Amino acid sequence: MSEYDFATIEARWQKTWLEEETFRTPGPGDAGFDPSKPKYYVLDMFPYPSGAGLHVGHPKGYTATDITARFKRHRGYQVLHPMGWDAFGLPAEQYAIQTGTHPAVTTEKNVAKFRGQLQALGFSYDWSREINTTSADYYRWTQWIFTKLYERGLAYQAEIPVWWCEALGTVLANEEVINGLSERGSHPCVKRPLRQWMLRITEYADRLLADLEDLDWPDSVKAMQREWIGRSEGAEIEFALTDADGNALGQSFTAFTTRPDTLFGATFCVLAPEHPLVAALVTTQQRSAVEAYVAQAATKSELERAELQKEKTGVFTGFYAVNPLFPPGDARRLMPVWTADYVLMSYGTGGIMCVPDGDERDLAFAHTYGLEVRSILDDEGRLQNSDFLDGLAKAEAIPKMIAWLEERGLGQGKVNYRLRDWLFSRQRYWGEPFPVLHELDAAGEFTGVHKVVDAQDLPVTLPELDDFSPAEDGEPPLARAKEWLHVVDSDGKVWRRETNSMPQWAGSCWYYLRFLDPHNQEAAWDAEKEQYWMPVDLYVGGAEHAVLHLLYARFWHKVLFDCGLVSCAEPFRKLVNQGMVQSYAYRNKLGALVPVDQVEEGEDGSFVDTTTGEKVERQTAKMSKSLRNVVNPDDVIRQYGADTMRLYEAFMGPVTASAPWNPRDLPGVHRFLQRVWRLFARGIAAAAEPTVERAMHQCIRKVGDDLEQMGYNTAIAAMMEFVNVATKQGQPLSTQQARAFCILLEPFAPHLAEELWAQLGQKEALAYAAWPSFDPGQLLADTVEIPVQVNGKLRARAEMPADADRDTMEDLARAAVEEHLSGDVRKVIVVPGRMVNFVVAAK
RNA sequence: GGGGGAGUAGCCCAAUGGCAGAGGCAGAGGACUUAAAAUCCUCCCAGUACGGGUUCGAAUCCCGUCUCCCCUACCA
């Protein structure tokens, strides 16, 4: 046995695993399936295979799930651990537009690269289950699920103002536009009315909210989803509109409010600039001012509106709203109606009643324009000057006011959501075609009738095109696929295919289900398999998917549940967000960032810009090309091997924590593997050495406990500790110890573990070897040193048997601190095996 | 402004309310070596951001303050 030759070892075992299909996992109905085993489904958020390949951030989560997957196999679970590709999407299409390379070609190339990189890291995926959202075999079922949504009335078309991104040539969902810029690429977007497909996710808002409760998810993600759904209880109130003299205009508007009980304090109303009644009813006198205001509000992006939030602006419309609480003639009855851009057309009804005494924004607006403020809340927040609500707290006042309104037909209780229906169509080529046909009349015009394609006629495959670019008018590229576009049915009726395509989220909404049964040609998945494997036991991915992907997938899953197609209401039982792998960045005195490759560390630990000689400060930042601090996993593997890479990723800290990639720490974990190699190179001892044996049992327990809780970093520390003890002790390990250690090491450094296991002459596959057990009697030393405190202060240490009972401990401890116990001993606290504390009365 | 999370040694990080240190990096010394690297051994370093509170006992629980990260933001 010579050197630790990781390159040879890793290549050998990766080849073996692939050739022997070591990690092929049988499910119900498959040969080799053992129904008596418990199941464990551990899933990574599958990647978009970009041209850049993997960066070191990807493997952080993948390493975590792989360690857990391997650990669970040793624990006797049937482990489902699959990988696939979320391969529809803009980058491949943009590349196609620029170069003419078909997105499928780009995708295939990128997938090959990603697969190779993942395999080079020795992940124990069942590659026989690999899926790709862009293969017709897969999107056939994405389309099929869409037909289920359609049949249940959850998919509909609407002509709505949507975010149109000129640069990307497509519409985007609200969630994909941030402050008027596209989430991807930060291109400006504008609102534009277009015919779109929508999914009625709002129908599931309550269930999506309620079912969060029982999920083992990070609080932050649950909080984000709750906020996104944005349930708020209140009432809708209808306000009749009049002219300045109180003459009815024959129109009314509805306002949503969470505080209907404050209606007595409503002194004015505001409609969003886009509200149709603003233009319809504005008085001649106010018309020019209002039109000017509306026009300039329209040119403001959401970004600008948000930035200007300190100062509220608005214009009086000239008409009034009736406060129904007050009789004609009462001065409080007529409330002036303003238009202001702090009211958004897209939330609630686009119009509000304003209660300056109850709402900060209304108060600010009232102050700016000298509008009336009527006091209706006392110091304790109880209603006053409010007739039948006087003295009531809001909890009692709200239902009372709602009842009052309902009796008179003026309004009703209402739950409002921030969540909007999901804009589900895109004007792009590289996405799933909709399985929808639109009927045409003899003249070739739409009749307005549409239907979904029959299940047996799926998939609707993507047609070949020469030009993938979107048209200026928003007409999708699929409209240019002349031969594909029209379908003639058996009655000779002509139908035109839907030319929109689905958004990238579609494929990832259900991929975890296809993994259960990826080659099924008759169904999307088999019911028995679904019942066995679902739900996903552990789902690991980035926090950036906290809302969109996870909300959409939950929505689809609930629809499938309602269809009786899945057996559980929630797909992902436990969710973990892995921390970001950051990198170092350097900032000079001017605050500018200095690329990493022109900074050197000085003797005193300071950092110097080598081009200027100036001192710079180190900080952590996201990896980015511009900072030149991106670390490439291929380089790391070449230099240290995959096992070192995996070990380092897992050793950086808790899986949920972000930490900078520190190249200086890599040799540390690499050295550990070398020490393991050298320890095994000593050969095998005939008998176990007691110190090492004890350390072994402690290590088995610690690694097992830590892995149950995803404490990868501390589990590695425990193995290091064991190797240090064994190395120092000087003897070889016993056969039992060597075997046990191989199993402990395998989840983390599987190639090295397999190599050592093989050298031990083991024939059984290491990956499925049973986790070693420990002897609790071996965990404690015979004697322990127990701290003895007096009034909480450490006064002495007492040597005593590890299993001493309370009385013995107290006696031995008392002897050790005799001189400190002059006063009354009022209380003695004994923690068996841990410590003794004497509480003495102060003198 | 709202929400989520984090502050422990020069650095990354450990510590069911019970001796602040498991592990790694960096640093110092020694052994081995003709020398260096590698390896092995030994050592050094904080009282847990700050201020209160609960407790026999607090890094850990509670309250307040500060700093940093992430998310969100006129949502009526």
Side-chain angles (χ1 to χ4, degrees), chain A residues 3 178-179 218-224 226-228 230 232 234 255-259 262 270 272 305-306 308-310 312 340-344 346-355 358-362 364-365 416-418 543-544 546-547 577 579-580 582 601 604-605 618-620 647-648 651-654 656-669 671-672 674-675 678 698 702 705 711 713-724 727-728 730 784-794 796-797 826-831 833-840:
Chain A
E3 296 244 307
I178 297 159
N179 290 332
D219 288 339
S220 58
V221 176
K222 287 193 190 183
M224 279 188 249
R226 279 193 202 102
E227 280 166 24
W228 191 262
S232 65
F256 175 74
T257 174
T258 53
R259 292 297 303 272
T262 61
V270 172
R305 275 205 196 183
L308 296 170
Q309 64 182 263
K310 317 130 225 173
K312 301 214 180 323
D341 66 5
Y342 80 93
V343 172
L344 308 174
S346 54
Y347 181 76
T349 60
I352 61 170
M353 68 176 208
C354 296
V355 185
D359 185 284
E360 269 184 44
R361 295 155 302 181
D362 297 345
F365 194 77
N416 208 28
Y417 296 94
R418 253 181 64 161
E544 66 274 19
V547 179
N577 292 134
M580 257 191 310
Q582 301 160 317
E601 188 171 356
D604 55 350
R618 187 164 81 172
Q619 59 178 55
T620 57
L647 210 56
Y648 175 71
F651 191 59
M652 287 175 82
T656 52
S658 294
W661 183 269
N662 189 351
R664 199 183 260 186
D665 288 339
L666 276 163
V669 284
R671 235 173 268 163
F672 163 66
Q674 288 178 317
R675 284 166 75 95
R678 273 184 232 112
Q698 287 169 337
K702 176 78 173 148
D705 286 356
N713 55 329
T714 50
I716 292 168
M719 289 190 289
M720 288 174 166
E721 198 178 355
F722 170 75
V723 170
N724 289 347
T727 298
K728 197 182 297 184
V784 286
E785 215 181 42
I786 295 289
V788 184
Q789 300 176 348
V790 176
N791 288 344
K793 285 204 180 72
L794 181 69
R797 294 166 204 277
R826 284 211 251 166
K827 199 172 169 189
V828 184
I829 289 120
V830 180
V831 183
R834 300 305 299 251
M835 51 78 67
V836 179
N837 185 15
F838 293 96
V839 184
V840 180

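Given the structure is predicted, the values throughout are model-derived calculations rather than measurements. Letters A, B, ... mirror the listed sequences (proteins, then strands); counts begin at 1.
Atom CG of A:D359 is separated from atom P of B:G2 by 15 Å (rounded to the nearest Å). Atom CG in A:N837 sits roughly 10 Å away from atom P in B:A58 (whole-Å rounding). Taking atom CG of residue A:D705 and atom P of nucleotide B:U16, one finds them 12 Å apart after rounding to whole Å. For A:E227 and B:A76, the CD to P distance is 12 Å, given to the nearest whole Å. Taking atom NZ of residue A:K312 and atom C1' of nucleotide B:A73, one finds them 12 Å apart after rounding to whole Å. Note: CD (A:E3) to P (B:A37) measures 17 Å, nearest angstrom. Here B:U72 presents its C1' atom at 15 Å from CZ of A:R226, a figure rounded to the nearest Å. With rounding to whole Å, A:L647 atom CG is found 14 Å from B:C12 atom C1'.
Judged as a side-chain hydrogen bond (donor to acceptor under 3.5 Å, both in side chains), and not counting sequence neighbours, the contacts of A:D359 are A:R361. Looking at residues two or more places apart in sequence or on another chain, you find a ring-ring contact (aromatic ring centres under 6.0 Å, His included) between A:F722 and A:F741. Among residues two or more places apart in sequence or in another chain, the side-chain hydrogen bond (donor to acceptor under 3.5 Å, both in side chains) test is passed with A:K702 by A:D706. With sequence neighbours excluded, no residue forms a side-chain hydrogen bond (donor to acceptor under 3.5 Å, both in side chains) with A:T727. Listed by chain and number, the residues in a salt bridge (Lys or Arg N to Asp or Glu O under 4.0 Å) with A:R675 amount to none (sequence neighbours excluded).
Residue A:T656 is out of contact with every strand shown, counting any heavy-atom pair closer than 4.0 Å. Counting any heavy atom pair closer than 4.0 Å across all strands shown, A:P654 reaches sugar-phosphate atoms only and no base atom. In this structure, A:M719 reaches neither bases nor backbone, as no heavy-atom distance under 4.0 Å exists between it and the strands shown.
Phosphate proximity of B:A38 to A:R678: absent, as no side-chain N or O sits under 4.0 Å from OP1 or OP2.
Nearest nucleotide to the side chain of A:R418, out of B:U39, B:C12, B:U72: B:U72. Comparing atom distances between the A:Y342 side chain and each of B:G18, B:C74, B:C56 picks out B:C74 as nearest. For A:T258, the listed nucleotide lying nearest its side chain is B:A76; candidates were B:C56, B:A76, B:C74. In the set B:A14, B:C56, B:U72, B:C56 carries the atom at the smallest distance from any side-chain atom of A:K827.
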Audit row: A:Y342, A:I352, side-chain contact (heavy atoms from CB on, under 4.5 Å) steps and yes/no: CA-CA 10 Å; A:Y342 80 93; A:I352 61 170; 4.1 Å; yes

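In this structure the side chain of A:M652 never reaches within 4.5 angstrom of the side chain of A:D665, judged on heavy atoms. The shortest distance between side-chain heavy atoms of A:N791 and A:V839 falls below 4.5 Å.
Along RNA chain B, the nucleotide closest to A:G351 and the one closest to A:T727 are compared, and the more 5′ of them pairs with A:T727. Nucleotides of RNA chain B nearest to A:R834 and A:I352 differ in position, and the one nearer the 5' end is that of A:R834.
In this structure a side-chain-to-backbone donor-acceptor pair under 3.5 Å is missing from A:N416 to A:S232.
Rounded to the nearest Å, the gap between the P atom of B:A6 and that of B:G10 is 23 Å. If you take atom P in B:G64 and the same atom in B:G1, they sit 15 Å apart, rounded to whole Å. Comparing the C1' positions of B:G4 and B:C50 gives an interatomic distance of 23 Å, to the nearest angstrom. Across the P atoms, B:U48 and B:C11 are found 16 Å apart, a figure rounded to whole Å. Taking atom P in both B:G18 and B:G24, one finds a spacing of 24 Å when rounded to whole Å. Rounded to a whole angstrom, the distance from the C1' atom of B:G3 to that of B:A73 is 10 Å. Comparing B:G57 with B:A15, their P atoms are spaced 24 Å from each other, to the whole Å. The separation of B:C44 from B:G27, taken at their C1' atoms, amounts to 8 Å, rounded to a whole angstrom.
No donor-acceptor contact under 3.5 angstrom links the side chains of A:Y648 and A:N662, judged on distance only.
For B:C68, the paired base is B:G5 (Watson-Crick or G-U wobble, both distances below 3.5 Å). The partner of B:C40, taking Watson-Crick or G-U wobble pairs whose two distances both stay under 3.5 Å, is B:G30. Nucleotide B:C45 forms a pair with no other nucleotide shown, judged by Watson-Crick or G-U wobble geometry with both contacts under 3.5 Å. In this structure, B:C74 forms no base pair with any nucleotide, since neither Watson-Crick nor G-U wobble geometry is met with both distances under 3.5 Å. Taking a pair to require two hydrogen-bonding distances under 3.5 Å in either a Watson-Crick or a G-U wobble arrangement, B:U54 remains unpaired.
Taking only distance into account, the side chain of A:K728 never meets the base of B:C40 through a donor-acceptor pair shorter than 3.5 Å.
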When you compare the protein's N or O atoms with those of nucleotides 22-31 of chain B, which come within less than 3.5 Å of each other, and at what distance?
residue: B:A22; atom: O2'; partner: A:E721; partner atom: OE1; Å: 2.6
residue: B:G24; atom: OP1; partner: A:N724; partner atom: ND2; Å: 3.3
residue: B:C25; atom: OP1; partner: A:R671; partner atom: NH1; Å: 2.5
residue: B:C25; atom: O4'; partner: A:D665; partner atom: OD1; Å: 3.3
residue: B:C25; atom: O2'; partner: A:D665; partner atom: OD1; Å: 3.3

